[in-house]
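Notes for the one structure printed next.
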Number of protein chains: 2
Amino acid sequence: MSAEIEIQTTRTPLSRERVLLAAVDLADHEGADALSMRRLAAELGVVPMALYKHVANKDELLDGMIDVVVEEIDPPRTDTDWKSAVRDRILSARRALLRHPWASRVMESRTRPTPTVMSYMDSMIQMFTDGGFSIDLTHHVMHALGSRMIGFTQELFNDQTDPDTPIRPEMLEAMGAAYPSIYRLWKTVSHEDETIVGPGCDDQFEFEFALDLMLDGIERLKAADAG
Amino acid sequence: MSAEIEIQTTRTPLSRERVLLAAVDLADHEGADALSMRRLAAELGVVPMALYKHVANKDELLDGMIDVVVEEIDPPRTDTDWKSAVRDRILSARRALLRHPWASRVMESRTRPTPTVMSYMDSMIQMFTDGGFSIDLTHHVMHALGSRMIGFTQELFNDQTDPDTPIRPEMLEAMGAAYPSIYRLWKTVSHEDETIVGPGCDDQFEFEFALDLMLDGIERLKAADAG
DNA sequence: ACCTGAACACCGTTCAAGT
DNA sequence: ACCTGAACACCGTTCAAGT
């Protein structure tokens, strides 16, 4: 009773959830680099040490932030075959990751999975075994999918070439001399989709291309395993 | 002439190469976290600011370190088909990465490829086009392989469960309750290869499994593309 | 002209002093 | 018992003063 009144009269008290959501919000808007304990405290109108009442240290904060993202991933569909269910869920994971651009980098920095991530992996394994996969094949398939399971692109560089800075012609010619194969590929690809200004690749297409390449291969392995 | 004598009489002067090799050595032995400009300077018996004569800043240092690793990857074999050549080269890249455990994490933190990395990608593209792939298919295949091209495992967590700390039975039972599918998978897998103590997975096997899954799929796409 | 010590503006976290 | 300001041990990098 008196607690409720206090919430209304004083500023909302800190809680682990409020700390995590503020951290996610800060990272969403200003990037992972802007996220420091001191900065987050300032954002919450609180002294830095106050955070340590709700998270043991920065690592635990980052783990909690990852959990927020992973919890946004849709649960498995149960009204379809394993392949569509896995595909849809991974695409849902990708959407969650795109909503929080810092998440993949932060996730890569973690060394141990949180319970939330473990649960996600657990249900992913179950999708395969429920779909008729042997334990052995499920094991290898989980390794093969790896971080793609949570929507990682695994591109070599997601450098997001700034669309504001146009490519200067002399740069292209220098590139053609130094990297003839990259140049030839770039020229062909950018000539194709005139819809897109500049040499942008269609990230969503490439993600699904790679995902389907894996899933088709996995389907074939399953058939071979059964036969 | 006099320069040569000077090298012998004074301590070896700094050079970009000496800085980079010392940085790689430091990261190899003490991990990427130990690598600070100040610590590296101390290791070289030099004042921190002396480093800035040879690298513009820490980002450039990290780029240079990545280059050292990428330059260790074998050139493409020319005496075999595209599939074996690509496979062998990626396995060579993986060996380079295993020699420098910090490299994958550092590489993930870079946003723009260095010329050395560009050259590697260029020659990788050429391996496909020389092997008879269309430009379009080469493009998609490069995206699909992604960071696996330089030997990345892309595991969700490469946590390297400390072999010194044995798994406690009560932990396993708790795990069985919370994550039944992971537990079942773990139990089956660890029971199989009695050769390995504990629940270790065979990283090399899983890497080649995933790589071959991709390469087989790619081969099939190529056949479909031609037909 | 070159080199470098001190300083700046940050970190995450500890700890003791204050309420 | 709780909270928090100051302090500690670091960062990467700037800059002015010294040779």
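Note that this is a predicted model, so its numbers are computed, not measured. Keep in mind that the numbers below use all heavy atoms, side chains included, and drop hydrogens, waters and symmetry copies.
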Are side-chain heavy atoms of [X] and [Y] found at a separation under 4.5 Å?
| X | Y | answer |
| --- | --- | --- |
| B:Met149 | B:Met142 | yes |
| A:Arg87 | A:Glu208 | yes |
| B:Met124 | B:Arg89 | yes |
| A:Leu61 | A:Leu40 | yes |
| B:Val69 | B:Ile150 | no |
| A:Ser109 | B:Arg105 | yes |

**Report entry** Along DNA chain C (nearest heavy atom to each residue), the more 5'-positioned of B:Met49 and A:Met49
**Finding:**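 Nearest nucleotide further toward 5': that of B:Met49.
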Query raised in the report: When the nearest nucleotide of DNA chain C is assigned to B:Ala50 and to A:Ala34 on a heavy-atom basis, which residue is associated with the more 5' position?
Result: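 The answer here is B:Ala50.
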Query raised in the report: With a 4.0 Å cut-off on heavy atoms, is A:Met37 in touch with a base, just the backbone sugar-phosphate, or nothing at all?
Result: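 A:Met37: backbone/sugar contact only, no base atoms under 4.0 Å.
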Query raised in the report: For DNA chain D, what string of dots and brackets results from 5' to 3' when Watson-Crick and G-U pairs need both distances under 3.5 Å, crossing pairs get [ ], and pairs with another strand get |?
Result: ||.|||||...|||||.||
Query - ring pair (Phe, Tyr, Trp, His ring centres under 6.0 Å) partners for A:His139, two or more places apart - result: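 For A:His139, the residues satisfying ring pair (Phe, Tyr, Trp, His ring centres under 6.0 Å) (neighbours in sequence not counted) are A:His143.
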Query raised in the report: Restricting to pairs with a member in residues 85-115 of chain B, which pass ring-ring contact (aromatic ring centres under 6.0 Å, His included), not counting sequence neighbours?
Result: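 For residues 85-115 of chain B: B:His100-B:Trp102.
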**Report entry** Under the side-chain hydrogen bond (donor to acceptor under 3.5 Å, both in side chains) test, residues paired with B:Glu43 that sit two or more places apart
**Finding:**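 B:Glu43: side-chain hydrogen bond (donor to acceptor under 3.5 Å, both in side chains) contacts with B:Arg39.
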Query raised in the report: Does the side chain of B:Ser147 pick up a donor-acceptor pair with the side chain of A:Glu155 at under 3.5 Å?
Result: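 Not at all, the side chains of B:Ser147 and A:Glu155 share no donor-acceptor pair under 3.5 Å.
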**Report entry** Contact residues, residues 51-68 of chain A to DNA chain D [heavy atom, < 4.0 Å]
**Finding:**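 Those residues whose heavy atoms fall under 4.0 Å from DNA chain D, taken from residues 51-68 of chain A in numerical order, are A:Lys53.
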Query raised in the report: Using a heavy-atom cut-off of 4.0 Å to chain B, what are the terminal contacting nucleotides of DNA chain D, in 5' to 3' order?
Result: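 Terminal contacting nucleotides, 5' to 3': D:dC11 to D:dC15.
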